[in-house]
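Below, all heavy atoms of this structure are taken into account, side chains as well, without hydrogens, waters or symmetry copies. Residues take their numbers from the sequence shown, with the count starting at 1.
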Amino acid sequence: MGLMQIPRRVDYGLRAVIYLSGQDPDRCCSIAEIAKQQGVPRKFLEKIIQDLIRGGLIKSKRGACGGYTLARSPGAISFYDVIKAIEGPVVVNVCMDQHVSCDQLPRCTMGNVWSEVQRKVTEVFTRTTIADLRQSPCRDSLGSSSLSSAA
């Protein structure tokens with residue numbers, strides 16, 4: 001079991017947005033193309049793309065030359081934007097959700113920890129743009145991530 005694992009929907013959505021960011025902005029890409037290039041199940045991707053359209057991150061074009069493109073520049077789309085469009089706001093623990101009240105709050109000693117984790121996770125996701133991710137694959141830097149400096 002993974003601790004605080006990113007949902008597959010978010011992973012696939014990020015892959016789709018990153019793929020579109022590498023294409024000519026005037027060229028529309030089909031769901032089939034994105035799915036094939038990113039190794040994502042097409043039917044699953046269709047639902048994710050609809051969330052990204054509703055979130056204002058991707059736009060669709062109908063017709064013979066139709067398909068999908070980014071609605072904004074890659075530098076204007078953050079990791080957080082994609083996550084929020086697909087899953088809603090990032091919340092590391094239910095007590096960090098402003099819309100949920102916790103009856104444990106008066107006696108809870110973990111609030112400050114969850115609050116700091118929430119702040120740092122949100123900070124990393126917000127400052128990381130899709131343009132930042134268009135560079136070389138991260139396999140070489142997995143052990144020396146700059147994200148650890150934010151934690």
Shortest non-hydrogen contact from [X] to [Y]?
X	Y	value
Ala16	Ile49	CB-CD1, 4.3 Å
Ala35	Leu45	N-CD2, 3.6 Å
Gly56	Ala71	O-CB, 3.3 Å
Gly13	Val82	C-CG1, 4.0 Å
Val121	Val90	CG1-CG1, 4.0 Å

Look up atom [atom1] in [X] and atom [atom2] in [Y], then write down how far apart they are to the nearest 0.5 Å.
X	Y	atom1	atom2	value
Leu14	Gln38	CG	CD	10.5 Å
Ser78	Ile130	OG	CD1	7.5 Å
Lys61	Lys59	NZ	NZ	9.5 Å
Tyr68	Ser60	OH	OG	5.5 Å

Does Arg62, at its CZ atom, have more than 12 non-hydrogen atoms belonging to other residues, nucleotides or ligands within less than 6.0 Å?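 Atom CZ in Arg62 is not packed in, count stays at 12 or less.
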With a 6.0 Å cut-off (strictly less than), is the heavy-atom count around CZ of Arg8, excluding the residue itself, greater than 12?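 Atom CZ in Arg8 is not crowded, with 12 or fewer foreign heavy atoms closer than 6.0 Å.
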Between [Y] and [X], is there a side-chain heavy-atom distance shorter than 4.5 Å?
X	Y	result
Leu20	Thr69	no
Val17	Ile58	yes
Pro41	Tyr12	yes
Ser30	Ile34	no
Leu70	Ser21	yes

Any salt bridge between Glu33 and Arg42, counting N to O under 4.0 Å?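 Between Arg42 and Glu33 there is no salt bridge, as every charged N stays at least 4.0 Å from the carboxylate O atoms.
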Mutual orientation of the aromatic rings belonging to Phe125 and Phe79 [parallel < 30°, tilted 30-60°, perpendicular > 60°]: tilted
Among Glu87, Arg15, Lys84, Gln5, which residue meets the side-chain contact (heavy atoms from CB on, under 4.5 Å) test with Val10? Glu87
Looking at Arg9 and Ile86, would you say the former's side chain and the latter's main chain have a donor-acceptor pair under 3.5 Å?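 Checking the backbone N and O of Ile86 against the side chain of Arg9, a donor-acceptor pair under 3.5 Å is found.
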Would you find a donor on one side and an acceptor on the other, under 3.5 Å apart, between the side chain of Ser115 and the backbone of Asn112? no
Go through the steps to decide whether Thr129 and Ile77 satisfy the test side chain to side chain contact (heavy atoms under 4.5 Å, CB included), and finish with yes or no. CA-CA 6 Å; Thr129 69; Ile77 300 173; over 6 Å; no
Verify salt bridge (charged side-chain N to carboxylate O under 4.0 Å, His left out) between Asp51 and Lys47, making sure each step is shown before the conclusion. CA-CA 7 Å; Asp51 290 335; Lys47 296 174 185 173; over 6 Å; no
Start with the C-alpha gap between Asp81 and Arg72, add the side-chain angles, then the distance that decides, and say whether salt bridge (charged side-chain N to carboxylate O under 4.0 Å, His left out) holds. CA-CA 11 Å; Asp81 294 332; Arg72 304 192 306 228; 3.0 Å; yes
